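Okay, so here's the structure we're looking at.
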Amino acid sequence: MTDSLTVRDNRTGQEYDVPIADGTIKAADLGKIKAGEDQPGLAVYDPGFVNTASCRSSVTFIDGDKGILEYRGYPIEQLAEGSNFLEVAYLLNHGALPTKAEFDAWEHEITYHTFVHENIKTFMEGFRYDAHPMGMLMASVGALSTFYPDARDIHDAENRHMQIVRMIAKMPTLGAWSFRHAQGKPFVYPDNELSYTANFLSMLFKMSEKTFEPDPRLVRALDVLFILHADHEQNASTNAVRSVGSTQVDPYSAVASGVGALYGPLHGGANEAVLRMLRRIGSKENIPSFIEGVKNGNEKLMGFGHRVYKNYDPRARIIKKAADDVFEVTGVNPLLEIALELEKIALEDEYFVKRKLYPNVDFYSGLIYEAFQFPPEMFTVLFAIGRTPGWLAQWLELVQDKEQKIARPKQIYTGARTLDFVPASERWA
Ligand SMILES: CC(=O)SCCNC(=O)CCNC(=O)[C@H](O)C(C)(C)COP(=O)(O)OP(=O)(O)OC[C@H]1O[C@@H](n2cnc3c(N)ncnc32)[C@H](O)[C@@H]1OP(=O)(O)O
Ligand SMILES: O=C([O-])CC(=O)C(=O)O
């Protein structure tokens, strides 16, 4: 036994020793270590999990170099073209496309669980007038766990299915109500005669007793956006859902943690940040000085860069096309011109080329959301509604995986040791 540990820094490849109580295992021995087997004294320093696979999964495949994304083996381009959001939600959670009977049953179940308990409404009405809708969404999803104590039995398959249906169904209700609250408008109850996405638009924008009839082209565009956001393997929010879910807590609590992770500007919150950035740039003439600021490290080009994609994000390509369909109905968002020019300049600039920084899913989505009349604070809520089936599919896979353990990483301790405590009465004397 020695008192040092060999650690490999995955960013630099450098190995070095740190003092610890247990023995030393060389990084070269890593390959001999069986997954999930504790090796006292061994830790690989990988902040941000750049090279650490935390699970095995058959939900979503990404080839970041080629810009390929597939849900359960189906290319995202084909799903966006020919499927709908509820079918994709089924695919993710069941592993295969539904038959007609299976789809009808799934759609029926989801449609009839869109209402939430009246006390959730009271709970949401209690937020400050200017509460951020993502904060409200995170809290209200967490609150759902108290309304469904049965959800704590995560070992029962039927029970798990029930919670998955409930959450996919209720997320738009919570999201729409967080929007109405910010607008100071009364909440609109779900209209179960409408499709999933049309009902969501109704709860957001309905202003009279009459049935709300959104333009079908807008309904389709939003449905496609939901498809594009539905899953993305081990992104930060899914990792949060899996991490919290690995404690065997109920899925509402696990998904609430996912909403929290998504809220951050480096993840789903980037769509809101992009819009604010474009507004700040204001005109094409200001782009070169903005880019200079990015290159000098003063700020980031929001909506650019990705941990996995070192090529164009395939979703950004589809969103760019979808924007044209939406703008046909709503008129062109004037910020589009700035976004297109920003992309062009960045993609020709050595700084971005060298680092393989391309537009990600968040770069163009906000322009469409704004054309729908959503304020920027709502953008990440829209992402969360789309991502819910993915979070749940990953949670389901996690709780069924017999080899999955509680998520509990190691650390490299860098603090003091074995100090002698001196009571305050002596220290302050
Ligand atoms: C749905 C989503 O979550 S998609 C991502 C949404 N987030 C954003 O759009 C925020 C802007 N982008 C980023 O902050 C990052 O690219 C992330 C968080 C997405 C990925 O981060 P990481 O994989 O850790 O990459 P990392 O931060 O190491 O970046 C590598 C290099 O590119 C630079 N870089 C990365 N993204 C950007 C950016 N958007 N603008 C300017 N420089 C960037 C980094 O400064 C770093 O440069 P260096 O090598 O000189 O230090
Ligand atoms: O995969 C990631 O790191 C982020 C992302 O694009 C997503 O969650 O959709």
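It should be emphasised that the depicted structure is a prediction, and the values quoted were computed from it without experimental measurement. Note that ligands are numbered from 1 as they come in the structure, with each ligand's atoms numbered from 1 the same way. These values consider heavy atoms only, across backbone and side chains, with no hydrogens, waters or symmetry-generated copies.
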Which protein N or O atoms sit under 3.5 Å from any N or O of ligand 2? Give atom names and distances.
residue	atom	partner	partner atom	Å
ligand 2	1 (O)	His232	ND1	2.7
ligand 2	1 (O)	His306	NE2	3.4
ligand 2	6 (O)	His232	ND1	3.2
ligand 2	6 (O)	His306	NE2	2.7
ligand 2	6 (O)	Arg315	NH2	2.7
ligand 2	8 (O)	Arg387	NH1	2.9
ligand 2	8 (O)	Arg387	NH2	3.4
ligand 2	9 (O)	Arg315	NH1	2.7
ligand 2	9 (O)	Arg387	NH2	2.7

Item to complete: Answer with yes or no whether the side chains of His94 and Glu102 bring together a donor and an acceptor at under 3.5 Å.
Response: no
Worksheet item: Can you tell which of Phe383, Trp391, Tyr71, Tyr309 makes a ring pair (Phe, Tyr, Trp, His ring centres under 6.0 Å) with His232?
Response: Tyr309
Fill in: Note: Asp401-Arg56 ion pair, threshold 4.0 Å (strictly below)
yes
Worksheet item: Can you tell me how far the CG atom of Asn84 sits from the CZ atom of Arg220, to the nearest 0.5 Å?
Response: 7.0 Å
Response to the item:
Rounding to 0.5 Å, atoms CZ (Arg180) and CE (Met124) come to a distance of 12.5 Å
Item to complete: Using the six-membered ring wherever Trp is involved, compare the ring planes of His229 and Tyr369 and label them parallel, tilted or perpendicular (cut-offs 30° and 60°).
Response: tilted
Item to complete: Before giving the answer on salt bridge (Lys or Arg N to Asp or Glu O under 4.0 Å), spell out for Arg242 and Glu397 the whole-Å C-alpha distance, their side-chain angles and the decisive distance to 0.1 Å.
Response: CA-CA 9 Å; Arg242 277 189 177 259; Glu397 187 176 60; 2.6 Å; yes
Could you give the N/O to N/O pairs under 3.5 Å linking ligand 1 and the protein, each with its distance?
residue	atom	partner	partner atom	Å
ligand 1	3 (O)	His267	ND1	2.7
ligand 1	7 (N)	Leu266	O	2.8
ligand 1	9 (O)	Gly303	N	2.8
ligand 1	9 (O)	Asn360	ND2	3.0
ligand 1	12 (N)	Phe304	O	2.9
ligand 1	14 (O)	Lys300	NZ	2.6
ligand 1	23 (O)	Arg307	NE	2.8
ligand 1	24 (O)	Arg307	NH2	3.1
ligand 1	39 (N)	Leu301	O	2.7
ligand 1	39 (N)	Phe304	O	2.9
ligand 1	40 (N)	Leu301	N	3.0
ligand 1	42 (N)	Tyr351	OH	2.9
ligand 1	47 (O)	Arg355	NE	3.2
ligand 1	50 (O)	Arg355	NE	3.1
ligand 1	50 (O)	Arg355	NH2	3.0

Discussion item. One thing to verify: whether Lys206 and Asp191 come together as a salt bridge, which I'm taking to mean a side-chain N less than 4.0 angstrom from a carboxylate O.
Written reply: no
Item to complete: Decide, yes or no, whether a salt bridge links Arg276 with Glu377 under the criterion of side-chain N to carboxylate O below 4.0 Å.
Response: yes
